[in-house]
Amino acid sequence: TSHLKKAKLMFFYTRYPSSHVLKACFHDVQLSRCVTSQLIKWFSNFREFYYIQMEKFARQALAQGVADARSLAVERESQLFKTLNTHYNKANDFQVPQRFLEVAAITLREFYSAISKGEDRDPSWKKAIYK
DNA sequence: ATGGGTCCTG
DNA sequence: CAGGACCCAT
């Protein structure tokens, strides 16, 4: 549906929209509890994909011997961005805000440093990065 | 008791 | 993405 597409584009701005924010953004729809929880679920799924990619590319950068996290950036031409873009903006008919690239770079660096420090041995090491 | 989250599956 | 099990906070 178009709501899914709208939600995905919204993800470029907020990773953890509260139910209130969702209510506001979808005020046109009669959000039943079921639909609301569905939207919540969508964002949970969006985050999963997002963080999985982040971890994947962070490990990849580490394996490729990237000196330090500061050199990690997320450009529109980068593979990471392309992967995320095709997932949330398949039609590619939306101008992804620059802010998203900055946020993505930040989380990518957080994964990178956490992994390089061996913090990924802690079962709940991702919790510090999430949110 | 409910609702938001994660993790794992299909 | 949807379902379900399970955790945590309200």
Side-chain angles (χ1 to χ4, degrees):
Chain A
T1 70
S2 60
H3 287 161
L4 175 58
K5 182 175 181 179
K6 180 176 180 179
K8 285 189 171 183
L9 295 187
M10 215 181 297
F11 187 75
F12 284 124
Y13 296 93
T14 50
R15 261 57 66 193
Y16 287 85
S18 65
S19 58
H20 308 91
V21 170
L22 291 175
K23 298 266 193 187
C25 294
F26 289 89
H27 62 79
D28 55 318
V29 194
Q30 46 283 60
L31 291 192
S32 61
R33 297 164 199 69
C34 185
V35 175
T36 301
S37 55
Q38 180 185 13
L39 288 173
I40 295 291
K41 178 62 177 178
W42 282 358
F43 277 84
S44 179
N45 283 325
F46 296 166
R47 285 191 295 273
E48 278 195 50
F49 183 81
Y50 177 82
Y51 288 121
I52 286 174
Q53 296 309 312
M54 289 299 159
E55 180 178 357
K56 175 182 172 184
F57 279 80
R59 290 188 184 286
Q60 182 178 302
L62 211 53
Q64 293 176 174
V66 174
D68 63 315
R70 286 173 297 178
S71 65
L72 267 49
V74 180
E75 304 301 327
R76 299 188 126 85
E77 296 70 29
S78 71
Q79 183 55 53
L80 175 54
F81 176 79
K82 290 179 179 176
T83 300
L84 295 172
N85 188 59
T86 56
H87 190 77
Y88 308 114
N89 181 31
K90 185 95 61 185
N92 195 36
D93 55 2
F94 178 76
Q95 244 276 346
V96 177
Q98 191 62 36
R99 176 64 184 144
F100 178 77
L101 302 193
E102 298 168 2
V103 173
I106 291 174
T107 63
L108 180 61
R109 294 195 184 94
E110 291 184 331
F111 264 105
Y112 177 94
S113 58
I115 296 171
S116 62
K117 292 177 184 173
E119 296 177 357
D120 56 335
R121 277 191 289 278
D122 183 328
S124 58
W125 67 287
K126 295 179 182 176
K127 293 194 65 177
I129 301 175
Y130 285 7
K131 209 163 191 95

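Lettering of chains follows the sequences in order, A, B, ..., and the numbering in each one begins at 1.
- Taking 4.0 angstrom as the limit, A:Ser44 places none of its side-chain polar atoms (N or O) nearer than this to OP1 or OP2 of B:dG4.
- Comparing A:Thr36 and A:Tyr130 by the nucleotide of DNA chain B that holds the closest heavy atom to each, the one mapping nearer the 5' end is A:Thr36.
- Of all heavy-atom pairs between A:Tyr51 and A:Lys131, the closest is OH-N, 3.2 Å.
- With A:Tyr16 as the aromatic partner, A:Arg47 meets the cation-pi criteria of under 6.0 angstrom to the ring centre and within 45 degrees of the ring axis.
- For A:Gln98, the side-chain hydrogen bond (donor to acceptor under 3.5 Å, both in side chains) partners two or more places apart in sequence, or in a different chain, are A:Arg76.
- Rounding to whole angstrom units, CD of residue A:Glu55 and C1' of B:dT6 are separated by 14 Å.
- Counting to the nearest Å, the P atom of B:dG3 and the CG atom of A:Leu31 are 14 Å from each other.
- Close to B:dT6, at under 4.0 Å from its OP1 or OP2, lies a side-chain N or O of A:Arg47.
- At a threshold of 4.0 angstrom between heavy atoms, the contacts of A:Lys127 with the nucleic acid are absent.
- Atom CG in A:Asn45 sits roughly 14 Å away from atom P in B:dC8 (whole-Å rounding).
- Between B:dG4, B:dT6, B:dC7, one nucleotide has an atom nearer to the side chain of A:Ile40 than all others, and that is B:dG4.
- Judged by distance alone, the side chain of A:Tyr112 and the main-chain N or O of A:Val66 form a donor-acceptor pair under 3.5 Å.
- Atom-to-atom, CD1 of A:Ile52 to P of B:dC7 comes out at 9 Å; the value is rounded to the nearest Å.
- Counting to the nearest Å, the C1' atom of B:dT6 and the CZ atom of A:Phe46 are 16 Å from each other.
- Contact annotation for A:Ser37: no contact, since no heavy-atom pair falls under 4.0 Å across all strands.
- Minimum interatomic distance between A:Lys126 and A:Phe111 (heavy atoms only, all atoms of both residues): CG-CE2, 4.3 Å.
- Nucleotides of DNA chain C with any atom under 4.0 Å from a heavy atom of chain A span, from 5' to 3', C:dC1 to C:dG4.
- If you take OH of A:Tyr50 and C1' of B:dT6, they are 17 Å apart, rounded to a whole angstrom.
- Rounded to an integer number of Å, the gap from A:Glu48 CD to B:dG10 P is 15 Å.
- Among residues two or more places apart in sequence or in another chain, the side chain to side chain contact (heavy atoms under 4.5 Å, CB included) test is passed with A:Ile106 by A:Glu110.
- Counting to the nearest Å, the P atom of B:dC7 and the OH atom of A:Tyr51 are 10 Å from each other.
- Side-chain contact annotation: A:Glu48 with A:Ser44, donor-acceptor N/O pair under 3.5 Å absent.
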